[in-house]
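Worksheet: the structure to be examined is printed underneath.
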Amino acid sequence: MPGRNHLFVPGPTTVPDSILDAMHVPMEDHRAPDFPNLVKPLLEDLKKIFQTATGQCFIFPATGTAGWEVALANTLSPGDKVLSFRFGHFSHLWIDLARRIGLNVQFEQVPWGEGVPLDRLEALLQADHRHEIKAVLICHNETATGVTSDLAGVRKAIDAAQHPALFFVDGVSSIASIDFRMDAWRVDVALSGSQKGFMLPAGLALLCFSEKALEMRHTARCARCFLDIQDQINANKDGYFPYTPSTPLLHGLRHSLDRLLEEGLDNVFARHYRLAEGVRRAVKAWELKLCARDAKWYSNTVSAIMVPEGFTARDVMHIAYHRYNLSLGAGLSEVAGKLFRIGHLGDLNEISLVSALAGAEMSMRDVGIPVAAGSGVAAACEYWRETAAPVPVR
Ligand SMILES: Cc1ncc(COP(=O)(O)O)c(C=O)c1O
């Protein structure tokens, strides 16, 4: 099919040409004397993205799933109780992983389309008089449903209950796109992956540990080897890794961090909000509903769009892919077939995103969903025109 595939799954996201170029490097000696010149600034600059002065960052040659395990295995012991909320495919998978590595997971079911119920969290922690809950696991942005939870609120609930539990965050589809503050919210371990807001291929699990979480490695008895942060600490202090790193990905990360820091995190967050809001205007104009049940849950990185009764989202995606060369995100597990997702994160602007809206609109009309031709595209474009930054004087 002529033209490039329009990739609008919520990760992997489009890798900008400048990052592709930065990764196009000859292989090099990862034990060379000057290799730390690449590694040490990466570990320092990552802290800026996690918004921490006191945390310690780690780069594992892995994906977000390994990040979940790094967080848990380096801080906890088999049988330790952790508390979590299940409101989508990814929050479910983290719970599943925690169980499979031997933790005692207490989890609450939350309707898909909602996020962390803060009152409930506080009540559960209040009721834990003996402080058996060792950590609270929160999926900041549930990529499967397009729901963002209030992390400042989570911190407040933990404090209000005067509970010493560690606070762990899955920021795979939020960090580097949606405001995330390691220090201000006193998060203990946060993890992300390279293939979303960082605009890189998958292959790096990016983590940050608080000083408190870092100390826990001395008592944590969960089995670990490849994912042991102690080996990273030993090697990272001199600017190396305990095993062979993917050097092209590290060069890509260098460029990704430069781009993010040059744009400025606040501008990155504002851009994601504005692009997401355009998509939400389109969904409203189509007279469709988001999976997110209330504006307070709206995600600025992914919109999960419900198809009306009598239709399946699989047909919309099938036509989008085969007829228009557009990749939309599928509904996963409980919401499979009920929704499709538009990822709007990473290297993106209005005109790129219009292609996803136009393709989704055409595909929905093709399968018979009664959305008015041009309605969503027009609503988004008008919103983006009205909120556009002034152009430089000619
Ligand atoms: C919120 C969230 N957590 C974890 C993961 C798992 O990450 P990975 O596929 O990189 O292992 C994903 C993947 O999409 C995700 O969206």
Side-chain angles (χ1 to χ4, degrees), residues 7-15 50 58-73 82 84-101 107 110 112-116 136-151 154 168-180 187 189-208 226-227 246 249 252-253 256 272 276 291-292 297-304 327-336 339-346:
L7 183 63
F8 283 94
V9 299
T13 61
T14 300
V15 179
F50 283 88
F58 297 97
I59 304 170
F60 280 84
T63 71
T65 302
W68 286 333
E69 193 164 339
V70 171
L72 302 175
V82 298
S84 195
F85 297 88
R86 181 186 182 278
F87 41 71
H89 186 71
F90 295 102
S91 45
H92 163 76
L93 287 180
W94 198 8
I95 289 167
D96 182 53
L97 180 143
R99 275 183 172 159
R100 284 160 67 178
I101 65 168
F107 72 94
V110 174
W112 290 31
E114 296 179 13
V116 177
V136 177
L137 319 185
I138 303 293
C139 181
H140 185 194
N141 187 73
E142 175 49 81
T143 322
T145 58
V147 161
T148 304
S149 287
D150 172 10
L151 294 186
V154 171
F168 290 178
V169 173
D170 169 343
V172 171
S173 58
S174 61
I175 292 171
S177 311
I178 296 174
D179 196 9
F180 170 80
V187 172
V189 183
L191 62 107
S192 194
S194 48
Q195 75 274 25
K196 300 193 193 258
F198 288 92
M199 307 167 281
L200 290 163
L204 298 178
L206 306 164
L207 290 106
C208 189
F226 181 64
L227 301 182
S246 163
L249 272 174
L253 179 61
S256 154
H272 280 80
C291 182
W297 306 123
Y298 287 168
S299 164
N300 290 335
T301 56
V302 52
S303 293
S327 293
L328 297 167
L332 300 170
S333 43
E334 278 184 28
V335 288
L339 58 81
F340 65 88
R341 297 174 295 153
I342 297 180
H344 31 79
L345 71 165

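In what follows, residues are counted from 1 in the order of the sequence shown. Both backbone and side-chain heavy atoms feed into the values below; hydrogens, waters and symmetry mates do not. Order of appearance sets the numbers: ligands from 1, and atoms from 1 within every ligand. This is a predicted model, so every value here is computed, not measured.
In this structure, Phe60 and Phe226 have perpendicular ring planes: the angle between them is above 60°, well past the 30° mark.
Taking all atoms of both residues into account, the shortest heavy-atom contact from Ser174 to His140 is OG-ND1, 2.8 Å.
The shortest distance between side-chain heavy atoms of Leu137 and Phe107 does not fall below 4.5 Å.
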Can you pull every nitrogen or oxygen pair between ligand 1 and the protein closer than 3.5 angstrom?
residue	atom	partner	partner atom	Å
ligand 1	3 (N)	Asp170	OD1	3.4
ligand 1	3 (N)	Asp170	OD2	2.6
ligand 1	10 (O)	Gly64	N	2.9
ligand 1	10 (O)	Gln195	NE2	2.8
ligand 1	11 (O)	Thr63	OG1	2.6
ligand 1	11 (O)	Gly64	N	3.3
ligand 1	11 (O)	Thr65	N	2.8
ligand 1	11 (O)	Thr65	OG1	2.6
ligand 1	14 (O)	Lys196	NZ	2.8
ligand 1	16 (O)	Thr143	OG1	2.5

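Interatomic distance, Ser303 OG to Phe340 CZ, rounded to the nearest 0.5 Å: 9.5 Å.
For the side chain to side chain donor-acceptor pair (under 3.5 Å) test, residues two or more places apart in sequence or in another chain that qualify with Thr301 are Asn141, Ser299.
A donor-acceptor distance shorter than 3.5 angstrom exists from the side chain of Ser149 to the backbone of Val116, with no hydrogens or angles considered.
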